[in-house]
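Structure first, then comments.
In what follows, every heavy atom counts, from backbone to side chain, and hydrogens, waters and symmetry copies are set aside. All of these numbers come straight from a predicted model, not from anything done at the bench.
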Amino acid sequence: MFKRKNTISSAIPLIASVQDIHWSRTHILSLASQIILLIIGLFIATNMIINMGERRLQEDWAGQRYSELQTVASLASDKMSFLQFRTQTFANGELLRQYLSSPSEEQKQKLFQSWDSLTKHIPELLGLALYDPQGKLKFATSSNFEGLTLPPKLLKGRSAMGGGEIFSSDMAFIPIDGKLEPYIFQLAWLENPDQSINGYLVTYNSVTRLLDTIKPAFFNPNSPLLLLDHQSFLYAGANQSNPLTNMPDTLGASLKQTHPELWQSMAMNNFGQYHSKNSTFVYLKVELTGQNETKREYFFLSYIRHQDIATRFEQWTIVLVIASIFIALLGVGLIVFRYRYLMERKARHNSIRLSNGLFNTELSYAITNDSGRILGINESAANSLHYQLKTLTDRSLQRVLNLTDDKFNEITNILYEKQCWSGCIGLDDDNHQINIHIHRESLSPSEHYWIVVFNDISELVASRQLAFLNQLLSDGAIAAALTDAQGKMISCNHCFDGLMKLHGDHQLDIVALLGHEISNVWGNILTQVTLQGEWQGQVSPFEESRFNKNLKVTINGHLSLEGDIEYLIFTVETNAPAPMHSPEIMSSKSNMVMRMVDLENHFNNTSENIKFSSSLMVMDINPEGIFNNMGDISQLEKRQQDIETQLLIDLPPSYQLAHLQLGKLVLFLPKTDATHTHLFAIKTLQNLASHQLDEGINIGIAGYLEKQSLEQYLANADVALKRAKQSGDQNICQAFTRTSTFDFGNTSMY
């Protein structure tokens with residue numbers, strides 16, 4: 001898109017891309033975004049100016065049209081007053097008085113000729129008619145009015161009007177020559193000297209002709225002028241040259257039906273403007289006729305299309321668009337030249353500030369901008385990071401070092417505050433360690449860059465790790481070995497090497513080295529080490545074993561921060577006592593003391609048949625009055641640990657031992673009844689007595705009831721335990737046990 005051009009005149013060759021001008025993706029995106037924002041801003045501004053200009057023309061037109069409507073309304077009102085005066089003049093005419101005083105055919109013809117002359121010379125006068133005192137038509141100048149009758153309320157005696165007053169009717173329609181003609185009739189009372197009614201003179205005046213005599217002189221002839229009554233019916237302004245789709249175009253049509261929103265605005269106001277999406281309306285309410293009895297109001301309405309206004313404003317629109325394009329081109333050129341100038345100035349400063357010999361060293365260097373994007377890096381640094389040199393330019397230091405956003409933000413904040421940062425970062429799963437020193441330097445008060453120094457310390461970290469592993473081994477006379485979480489031996493001391501006769505061969509599996517006794521319970525060992533941190537047990541010599549004495553094995557775990565086992569430390573002692581039973585019986589912790597959660601899961605997953613033939617034994621091992629304060633808790637824990645050890649030695653494989661709480665143990669005994677469980681409890685107390693551990697121990701036994709939860713099971717056993725404590729001379733008590741016995745075959749319980 002942009003051709004790269006070097007404008008820096010220097011005899012020294014460029015040693016880093018930061019010293020030259022180059023259009024990075026960030027620069028291109030920034031330049032493009034500014035140009036786009038400029039174009040969008042000019043487009044919005046031009047559109048707003050055009051819309052404001054068109055709206056101003058709409059307002060100017062509306063103001064001018066409203067003035068025209070006021071003029072027409074005022075002249076129409078004056079014209080109606082003149083029509084009343086003219087009707088009164090006709091009523092007082094000499095020919096009419098002579099005809100009324102002495103009616104004859106000759107007088108009638110003279111009167112007809114006079115009226116005919118009047119209708120021909122007065123455009124808005126449609127005709128005249130004479131009615132008798134009873135309201136019956138005597139004669140009229142046109143047959144179109146022969147069917148019209150006077151309103152009964154105007155006859156003498158039914159109206160308060162008379163004398164010299166003139167009545168003006170509401171607008172109405174009459175067909176003349178096949179066309180509807182809106183008209184207003186005016187009535188004058190013809191009275192005798194004694195004020196009795198001698199007849200009525202009626203003049204008929206055309207509304208459209210009346211407006212036509214006013215409109216050309218005071219109203220724009222190209223603009224529509226509509227006259228509507230108070231019920232929105234059209235009386236003038238039909239046959240518009242290009243009417244709107246929602247405007248009435250025929251006499252008698254209702255604006256309320258075609259444009260209800262406009263009519264609602266007109267009905268609520270005496271005058272105003274109404275702006276729709278495509279047009280602007282101006283309206284004015286006026287009273288053309290008025291008497292004491294009736295108030296007659298009408299509306300003058302005019303409108304203009306917005307498209308017509310846009311057409312009038314088209315020339316200015318073209319001028320504004322051309323001006324906007326010209327301004328946009330100037331703005332784009334200014335932005336491009338400004339970017340070019342800033343980049344050249346930045347490159348010039350960088351060439352001055354950067355040393356030519358910066359990268360001519362075996363040290364690993366890199367230069368980044370103030371946001372951590374790499375501008376230049378030498379070969380040594382690329383090798384330290386295990387990247388190719390050409391792939392690192394313009395990349396983010398955060399992505400190259402695989403740093404999280406939080407860690408990188410922390411480094412950035414320290415640089416902004418202290419101008420330097422040092423730290424060690426692990427690459428490739430921490431097997432590749434890089435020591436990094438970053439210094440923040442300034443090109444100008446507003447421009448900064450980072451100098452990054454890399455030191456590969458992977459070998460040093462490996463040496464430290466090896467030293468750490470060696471520290472985990474005891475240098476004493478006790479045999480010790482270090483393995484990983486799977487039991488693969490990593491290292492051992494000389495005592496362990498001599499005991500197992502390894503002769504320096506440490507690439508062995510310690511689980512296989514100690515025999516199947518460890519292998520069978522390896523999963524339980526890992527679980528106990530994870531939960532308690534330690535496992536102890538005894539192993540006996542076996543066929544092809546490398547030792548010939550009983551061994552006491554202690555396994556300690558080194559856990560990670562997540563709680564997973566990383567390393568295992570085996571400590572082996574040769575002074576362990578011989579096993580009490582078979583030499584192949586596992587150590588004192590071959591079985592594991594379960595948590596209550598694990599026991600509950602085991603109980604829930606046990607079938608109902610096995611539960612029904614089971615017993616539950618709760619053992620209280622806290623002697624009354626011996627462990628009664630916080631200082632004795634450690635003694636109670638030690639005593640409970642010793643009792644657990646003795647219980648696990650003789651515990652049948654199917655029985656489950658679990659912690660209930662400090663000082664209480666729970667045993668779940670499947671395939672037992674009350675007798676077997678009681679005998680097992682007696683045997684357990686005898687075994688503990690032989691090791692001086694039976695003091696203060698009480699045992700409660702309960703049998704399983706149908707559809708019983710472990711919580712209910714424990715509650716029943718706790719009832720039996722309370723009875724055992726209350727008896728005084730009896731350490732074992734049963735509650736809720738079954739009366740029947742079961743045949744359990746050759747199951748070994750003791």
Item to complete: Taking the side chain as every heavy atom from C-beta outward, state whether Phe299 and Leu226 have any atom pair closer than 4.5 Å.
Response: no

Worksheet entry | Separation of Gln398 CD from Asn409 CG (nearest 0.5 Å) | 7.0 Å

Discussion item. So which atom in Tyr387 and which in Arg395 form the shortest heavy-atom distance, rounded to 0.1 Å?
Written reply: CE2-NH1, 3.4 Å

Worksheet item: For Tyr303 and Ser276, does a side-chain donor sit closer than 3.5 Å to a side-chain acceptor?
Response: no

Worksheet item: Does Tyr283 reach the side chain of Ser265, with side-chain heavy atoms less than 4.5 Å apart?
Response: yes

Discussion item. According to side-chain contact (heavy atoms from CB on, under 4.5 Å), who are the partners of Ile414, at least two apart in sequence or on a separate chain?
Written reply: Glu410, Lys418, Trp421

Worksheet item: About how many Å separate CD1 of Ile425 and CG of Leu403, when rounded to the nearest 0.5 Å?
Response: 4.5 Å

Worksheet item: Are Asp406 and Thr404 close enough that a side-chain donor and a side-chain acceptor fall under 3.5 Å?
Response: no

Worksheet entry | Met247 vs Thr258, side-chain contact (heavy atoms from CB on, under 4.5 Å): CA-CA, chis, key distance, verdict | CA-CA 6 Å; Met247 293 300 295; Thr258 59; 5.7 Å; no

Item to complete: Report yes if the side chains of Gln34 and Ser30 come closer than 4.5 Å at any heavy-atom pair, otherwise no.
Response: yes

Worksheet item: Is a side-chain donor or acceptor of Thr89 paired with a backbone partner of Phe85 at a separation under 3.5 angstrom?
Response: yes

Item to complete: Rounded to the nearest 0.5 Å, what's the gap from CG on Asp394 to CG on Leu392? Could you check?
Response: 11.0 Å

Discussion item. Looking at Tyr416, I'd like to know if its OH atom is crowded, meaning that more than 12 non-hydrogen atoms belonging to other residues, nucleotides or ligands lie closer than 6.0 Å.
Written reply: yes

Item to complete: Compare every heavy atom of Cys420 with every heavy atom of His439, then report the nearest pair and how far apart it is.
Response: ND1-CB, 3.9 Å

Practice prompt. Might you point out which heavy atoms bring Trp263 and Asp229 nearest each other, and give the distance in Å?
Written response: CH2-O, 3.7 Å

Worksheet item: Can you check whether Ile122 reaches Glu124 side chain to side chain, under 4.5 Å on heavy atoms?
Response: yes

Item to complete: Flag the pair Leu401 / Leu385 as yes when at least one side-chain heavy-atom distance between them is below 4.5 Å, and no otherwise.
Response: yes

Worksheet item: Would you say Gln419 has more than 12 foreign heavy atoms packed within less than 6.0 Å of its CD?
Response: yes

Worksheet item: Is Met266 close to Leu262 at the side-chain level, that is, under 4.5 Å between some pair of heavy atoms?
Response: yes

Worksheet item: Hey, what do you get for CD1 (Ile166) to OG (Ser81), rounding to the nearest 0.5 Å?
Response: 12.0 Å

Worksheet entry | Heavy-atom neighbours of Phe271 CZ exceed 12 at 6.0 Å | no

Worksheet entry | Side-chain donor/acceptor of Ser364 to backbone N/O of Val453, under 3.5 Å | no

Worksheet item: Hey, mind stepping through Asn378 and Ser380 against side chain to side chain donor-acceptor pair (under 3.5 Å) and telling me if it holds?
Response: CA-CA 6 Å; Asn378 64 359; Ser380 178; 5.1 Å; no

Worksheet item: Out of curiosity, His230 NE2 to Glu297 CD, how far, rounded to the nearest 0.5 Å?
Response: 8.5 Å

Worksheet item: Do you know the tightest heavy-atom contact between Leu244 and Ser279?
Response: CD1-OG, 3.6 Å

Worksheet item: If you measure from CD1 on Ile411 to CD1 on Ile436, what distance do you get to the nearest 0.5 Å?
Response: 7.0 Å

Response to the item:
In terms of heavy-atom contacts, Ser384 and Ile434 come closest through O-CD1, 3.4 Å

Discussion item. Set out, in order, the CA-CA distance, both residues' side-chain angles and the distance that settles side-chain contact (heavy atoms from CB on, under 4.5 Å) for Met171 and Leu227, then state yes or no.
Written reply: CA-CA 11 Å; Met171 291 184 186; Leu227 178 64; 3.3 Å; yes

Worksheet item: Of all residues at least two apart in sequence or in a different chain, which pass the side chain to side chain donor-acceptor pair (under 3.5 Å) check with Asn246?
Response: His259

Fill in: Polar side-chain atom of Asn47 near backbone of Phe43 as donor-acceptor pair, under 3.5 Å
no

Worksheet item: Hey, what's the ring geometry for Phe173 with Tyr235, parallel, tilted or perpendicular (30° and 60° as the breaks)?
Response: parallel

For a quick test of your reading: what N or O donor-acceptor pairs under 3.5 Å do the side chains of residues 178-185 make, sequence neighbours left out?
unit_1: Glu181; atom_1: OE2; unit_2: Ser206; atom_2: OG; d: 2.3
unit_1: Glu181; atom_1: OE2; unit_2: Thr208; atom_2: OG1; d: 2.8

Worksheet item: Hey, does Leu125 have a side-chain heavy atom less than 4.5 Å from the side chain of Asn205?
Response: yes

Discussion item. Set out, in order, the CA-CA distance, both residues' side-chain angles and the distance that settles side-chain contact (heavy atoms from CB on, under 4.5 Å) for Met80 and Gln84, then state yes or no.
Written reply: CA-CA 6 Å; Met80 294 302 296; Gln84 291 180 341; 5.9 Å; no

Item to complete: For the residue pair Phe454 and Asn435, establish whether any side-chain heavy-atom pair is separated by less than 4.5 Å.
Response: no

Response to the item:
Smallest heavy-atom separation, Ser232 atom then Leu228 atom, equals O-CD2, 3.3 Å

Worksheet item: Thr203 and side chain to side chain contact (heavy atoms under 4.5 Å, CB included): which partner among Leu118, Thr141, Leu128?
Response: Leu128

Worksheet entry | Worked verdict on Asn269 versus Lys285 for side-chain contact (heavy atoms from CB on, under 4.5 Å) | CA-CA 8 Å; Asn269 301 282; Lys285 183 186 290 186; over 6 Å; no

Worksheet item: Can you list the steps and then say if His275 with Gln273 is a side chain to side chain donor-acceptor pair (under 3.5 Å)?
Response: CA-CA 7 Å; His275 298 274; Gln273 302 176 18; 3.3 Å; yes

Worksheet item: For Arg56, does the CZ atom have more than 12 heavy-atom neighbours from other residues, nucleotides or ligands under 6.0 Å away?
Response: no

Worksheet item: Is the backbone of Asp116 close enough, under 3.5 Å, to the side chain of Thr119 for a donor and an acceptor to pair up by distance?
Response: yes

